[in-house]
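Every chain is numbered from 1, with letters handed out A, B, ... down the list of sequences. All values derive from a computational prediction rather than experimental measurement.
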Amino acid sequence: MIGKLKVNNTLTKKKEVFEPLNPPHVGLYVCGPTVYSDVHLGNVRTFMSFDVIYRYLKFLGYKVRYVRNITDVGHLLDSGEDRISKKATLESLEPMEIVQKYTNDFHDVMATFNILCPDIEPTATGHLMEQLAMIDQLVDNGLAYESNGSVYFDIEKYNKENTYGKLSGRKIEDLLNQTRELDGQDDKKNPLDFALWKKAAPEHIMRWKTKWSDGFPGWHLECAVMSTKYLGKEFDIHGGGMDLQFPHHECEIAQSYGTYKKEPARYWLHTNMLTVNGQKMSKSLGNSFLPKQLISGDHELLSQGFSPMTIRFFMLQSHYASTLDFSNEALIAAQKGYFKMANGMRIIKKMEFAENTEATIDEKQKEQIEKFCDNCYYAMNDDFNTALTIGHLFNILKKINAIHTGQLSMAAIGKETFERMKSTFISFNEEVLGIKAEDSLPGGQLLDIILKEYQQAKEARNYDKVDELRSALKAGGIVVKDMKTGIDWAYEE
RNA sequence: GGUGCUGUGGCCGAGUGGCUAGGCAGAGGUCUGCAAAACCUCCUACAGCAGUUCGAAUCUGCUCAGCACCUCCA
């Protein structure tokens with residue numbers, strides 16, 4: 001490995017060297033979606049960011065267990081209705097039909113963007129027993145109490161042995177000063193206490209019979225249960241969107257620590273928001289884009305559609321912890337950049353090192369290329385800086401193109417450097433960043449036949465035919481490249 | 001109101017005390033039947049003001065602008 005992996009830990013607010021608890025194993029937990037409606041692009045960004053984190057950890061040789069949950073109960077609206085129940089009522093469907101529908105949709109979207117599946121994808125309803133057991137344990141530990149059929153977590157007691165609010169940098173006193181008036185407050189000892197188990201109102205569909213009441217689990221409980229169940233009482237990385245930091249993740253820590261007396265995750269990573277005109281993309285603001293709208297271009301802010309890989313490329317050109325502003329112009333620029341990269345991948349894959357004992361080694365070029373390769377590791381090691389990594393890949397790409405067009409001799413950099421350049425370029429693009437050639441792009445044998453025709457026309461100096469073929473191909477998104485070394489093609493940028 | 005974050009060249013976006021990514025757009029050049037592609041070169045910025053420093057876009061302070069989160073049923 002080149003250098004050490006450092007991650008920005010939002011728990012300590014420091015960039016720290018990443019050291020797994022039980023190397024080579026790494027436990028990674030990410031809060032997944034609540035499956036009550038279509039995922040939008042902001043959601044996609046978060047899961048894509050953790051996809052790259054997952055990929056890079058594996059690339060470094062870690063044996064990663066990646067757990068990402070599906071929330072299928074307990075995530076409520078301001079009105080107190082369960083998001084899934086509400087949708088089920090509206091569409092006259094079973095809650096589980098809603099869950100299935102949007103889980104399927106979620107999986108489709110993930111696959112579209114080449115986001116790998118997690119190793120375990122547990123659901124909240126599938127872990128009710130474990131949730132009940134955790135509540136019992138918390139009650140036994142004196143950190144939870146029953147009130148009117150519901151069970152609440154006792155923040156005041158918890159705070160005697162730990163610090164509630166440390167992840168999000170909040171102080172209990174401040175929180176108390178700005179409590180909102182919400183339904184159900186009367187049952188609680190302290191307004192900051194949160195529900196572990198909630199007694200269901202008569203009209204509530206999703207409900208389970210327990211010793212406390214006919215009810216349902218609190219939203220924060222599932223993640224505490226499922227992360228520790230599959231990754232252990234202590235594990236390596238916990239991630240999620242920044243908007244979950246408070247209160248969701250704060251409550252998770254409280255529950256896990258309250259149950260096991262151990263800090264659950266050693267490193268907390270939070271992804272930043274996707275913005276539109278500087279504002280957070282969110283359903284409630286009505287400024288969210290659905291993946292399919294972006295792909296088809298069916299949106300008033302878009303002049304055209306963009307392919308999934310273009311979107312992936314666009315998102316990875318920023319760092320996961322920065323906000324990323326979404327615009328038509330930025331996407332067009334990203335599209336050109338992506339095609340350039342995709343062309344480079346196609347070229348390098350076909351390229352084989354040709355021995356030439358006559359050639360003299362160009363030490364300067366060789367050194368540069370070696371440095372660019374090292375830089376890819378340094379960039380990813382620096383808190384998964386995909387934007388910087390892409391920059392270095394473009395530097396490598398220049399060398400690849402120069403060799404391809406005969407402007408730089410392959411032999412001049414030597415076999416070793418050539419092979420390293422090739423494998424670094426391909427693996428960082430494909431394995432680490434998950435950038436690949438778009439399935440929908442043209443290519444293959446037919447194209448070769450046409451190009452042969454082109455070449456023959458060219459040799460015969462039949463320039464009318466040459467121009468005709470060239471413009472016909474261009475109309476199909478293919479640009480012909482006449483080089484000293486031969487004829488090739490590229491995706492039009 | 002509390003807490004935190006951000007402000008980078010025409011645009012997007014990294015970086016974060018001296019070596020000053022990358023992409024897109026623009027200019028010039030090489031190559032070419034003409035082009036395109038590709039390569040080379042150029043355009044060298046860090047909201048404003050003050051301070052610390054030999055040196056700041058990077059640290060400190062203030063100002064301005066913008067954003068995010070603010071529970072327990074988000």
Side-chain angles (χ1 to χ4, degrees), chain A residues 13 34 74-83 150 152-153 155 164-165 168-171 173-180 182-185 187-188 190-196 198 201 204 216 218-220 242-248 250-251 272-273 275 278-280 282 284 313-314 317-319 321-327 329-338 340-341 343-344 347 375 379 382 385-395 397-408 458 461 463 466-467 470-471 473-474 479-484 488-490 492-493:
Chain A
K13 304 185 177 48
T34 302
H75 197 177
L76 308 183
L77 293 159
D78 262 350
S79 59
E81 295 167 280
D82 183 290
R83 290 166 183 275
S150 295
Y152 294 98
F153 189 91
I155 293 289
Y164 182 78
S168 54
R170 270 153 239 259
K171 294 193 177 71
E173 311 85 74
D174 295 340
L175 290 168
L176 279 170
N177 285 337
Q178 57 207 23
T179 315
R180 284 201 283 164
L182 289 166
D183 173 49
Q185 295 289 40
D187 296 341
K188 297 192 289 188
N190 183 318
L192 294 179
D193 294 349
F194 59 91
L196 298 168
K198 192 76 193 165
H204 203 98
F216 55 92
W219 174 41
H220 311 306
M242 213 171 241
D243 50 354
L244 295 183
Q245 197 173 16
F246 188 87
H248 186 59
E250 208 72 75
C251 295
N272 215 320
M273 301 292 109
T275 60
Q279 267 201 321
K280 174 182 172 180
S282 75
S284 52
F313 189 81
F314 165 73
Q317 269 188 302
S318 71
H319 187 249
S322 304
T323 54
L324 172 61
D325 200 58
F326 195 77
S327 72
E329 291 70 31
L331 279 161
I332 287 174
Q335 181 177 53
K336 294 191 178 183
Y338 162 65
K340 195 172 193 169
M341 197 71 97
N343 280 325
I347 288 166
N375 283 346
D382 188 8
N385 194 330
T386 54
L388 194 52
T389 304
I390 287 174
H392 297 314
L393 288 173
F394 272 115
N395 285 332
L397 178 61
K398 280 185 186 170
K399 301 298 179 193
I400 292 171
N401 282 329
I403 291 171
H404 182 55
T405 53
Q407 293 165 96
L408 171 64
K458 186 128 192 176
R461 295 182 181 272
Y463 292 123
V466 167
D467 291 343
R470 195 154 64 192
S471 61
L473 284 168
K474 194 166 191 298
V479 170
V480 183
K481 295 160 72 168
D482 292 339
M483 304 172 301
K484 280 182 175 169
D488 197 9
W489 58 275
E492 191 184 5
E493 294 161 19

How far does [atom1] of [X] sit from [atom2] of [Y], to the nearest 0.5 angstrom?
X        : Y        : atom1 : atom2 : result
A:Leu244 : A:Cys251 : CG    : SG    : 11.0 Å
A:Leu397 : A:His392 : CG    : NE2   : 14.5 Å
A:Phe216 : A:His204 : CZ    : NE2   : 4.0 Å

For atom [atom1] of [X] and atom [atom2] of [N], their distance in whole Å:
X        : N     : atom1 : atom2 : value
A:Ile332 : B:G23 : CD1   : P     : 18 Å
A:Lys13  : B:U3  : NZ    : P     : 14 Å
A:Asn375 : B:A21 : CG    : C1'   : 9 Å
A:Ile347 : B:A37 : CD1   : C1'   : 9 Å
A:Met242 : B:G4  : CE    : C1'   : 9 Å
A:Leu244 : B:C70 : CG    : P     : 10 Å
A:His248 : B:C70 : NE2   : P     : 13 Å
A:Lys399 : B:C40 : NZ    : P     : 6 Å

Pick the [atom1] atom in [N] and in [M], then give their distance to the nearest Å.
N     : M     : atom1 : value
B:G48 : B:G66 : C1'   : 15 Å
B:U20 : B:U52 : P     : 28 Å
B:A47 : B:U6  : C1'   : 11 Å
B:G2  : B:G15 : C1'   : 31 Å
B:U58 : B:U16 : C1'   : 4 Å
B:G61 : B:C67 : P     : 24 Å
B:G1  : B:C59 : P     : 26 Å
B:A21 : B:C43 : P     : 12 Å

Heavy-atom check, side chain of A:Phe314 versus side chain of A:Tyr338, under 4.5 Å: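 The answer is no; the side chains never approach within 4.5 Å.
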Test item: A:His404 and A:Lys481 side chains (from C-beta on) under 4.5 Å apart, heavy atoms: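 In short, these two side chains touch, coming nearer than 4.5 Å.
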Shortest non-hydrogen contact from A:Met242 toward A:Met273: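 What the structure gives for the nearest pair is N-CE, 3.5 Å.
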Test side chain to side chain contact (heavy atoms under 4.5 Å, CB included) applied to A:Thr323 - qualifying residues, sequence neighbours left out: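 Result, side chain to side chain contact (heavy atoms under 4.5 Å, CB included) vs A:Thr323: A:Asn272, A:Thr275.
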With sequence neighbours excluded, residues passing side chain to side chain contact (heavy atoms under 4.5 Å, CB included) with A:Lys398: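 Per chain and number, A:Lys398 pairs via side chain to side chain contact (heavy atoms under 4.5 Å, CB included) with no residue.
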Which listed nucleotide ([options]) is nearest to the side chain of [X]?
X        : options             : answer
A:His392 : B:C34, B:C69, B:A21 : B:A21
A:Phe246 : B:C70, B:G33, B:C39 : B:C70
A:Lys280 : B:C34, B:A36, B:A68 : B:A68
A:Lys340 : B:A25, B:A38, B:G33 : B:A38

Need one value for [X]: base, sugar-phosphate or nothing, where a base atom within 4.0 Å counts as base even if backbone is also close, heavy atoms only.
X        : result
A:Asn401 : sugar-phosphate
A:Phe394 : sugar-phosphate
A:Asn395 : sugar-phosphate
A:Lys458 : base

Check: B:A35 base within 3.5 Å donor-acceptor of A:Arg470 side chain: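 Between B:A35 and A:Arg470, which were checked side chain against base, a qualifying N/O pair under 3.5 Å is present.
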Distance-only donor-acceptor test, A:Asp482 side-chain atoms vs B:A35 base atoms, 3.5 Å: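 Yes.
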Set of side chain to side chain donor-acceptor pair (under 3.5 Å) partners for A:Ser327, sequence neighbours left out: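 Per chain and number, A:Ser327 pairs via side chain to side chain donor-acceptor pair (under 3.5 Å) with no residue.
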Residue closer to the 5' end of RNA chain B, A:Lys398 versus A:Gly278 (nearest nucleotide):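 By nearest-heavy-atom nucleotide position, the 5'-most residue is A:Lys398.
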Upstream residue (5' side of RNA chain B) when A:Met273 and A:Ser168 are each assigned their closest nucleotide: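 The residue whose closest nucleotide sits nearer the 5' end is A:Ser168.
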A:Gln317 side-chain N/O to A:Ala334 backbone N/O, donor-acceptor pair under 3.5 Å: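 Side chain of A:Gln317 to backbone of A:Ala334, a donor-acceptor pair under 3.5 Å: no, none is there.
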ring-ring contact (aromatic ring centres under 6.0 Å, His included) involving A:His319 - partner list, sequence neighbours excluded: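 ring-ring contact (aromatic ring centres under 6.0 Å, His included) list for A:His319, sorted by chain: empty.
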Dot-bracket summary - RNA chain B, pairs being Watson-Crick or G-U whose distances fall under 3.5 Å, with | when paired to another strand: (((((((..(((.....[...))).(((((.......)))))....(((((..]....))))))))))))....
Contact state string [nucleotides 6-19 of chain B, B base, S sugar-phosphate only, - no protein heavy atom under 4.0 Å]: ------SSSS----
A:Phe313 and A:Phe394 aromatic ring geometry - parallel, tilted or perpendicular at 30°/60° bounds: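 Perpendicular.
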side-chain N/O A:Lys481 vs B:U32 OP1/OP2, d < 4.0 Å: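 No, no such contact exists.
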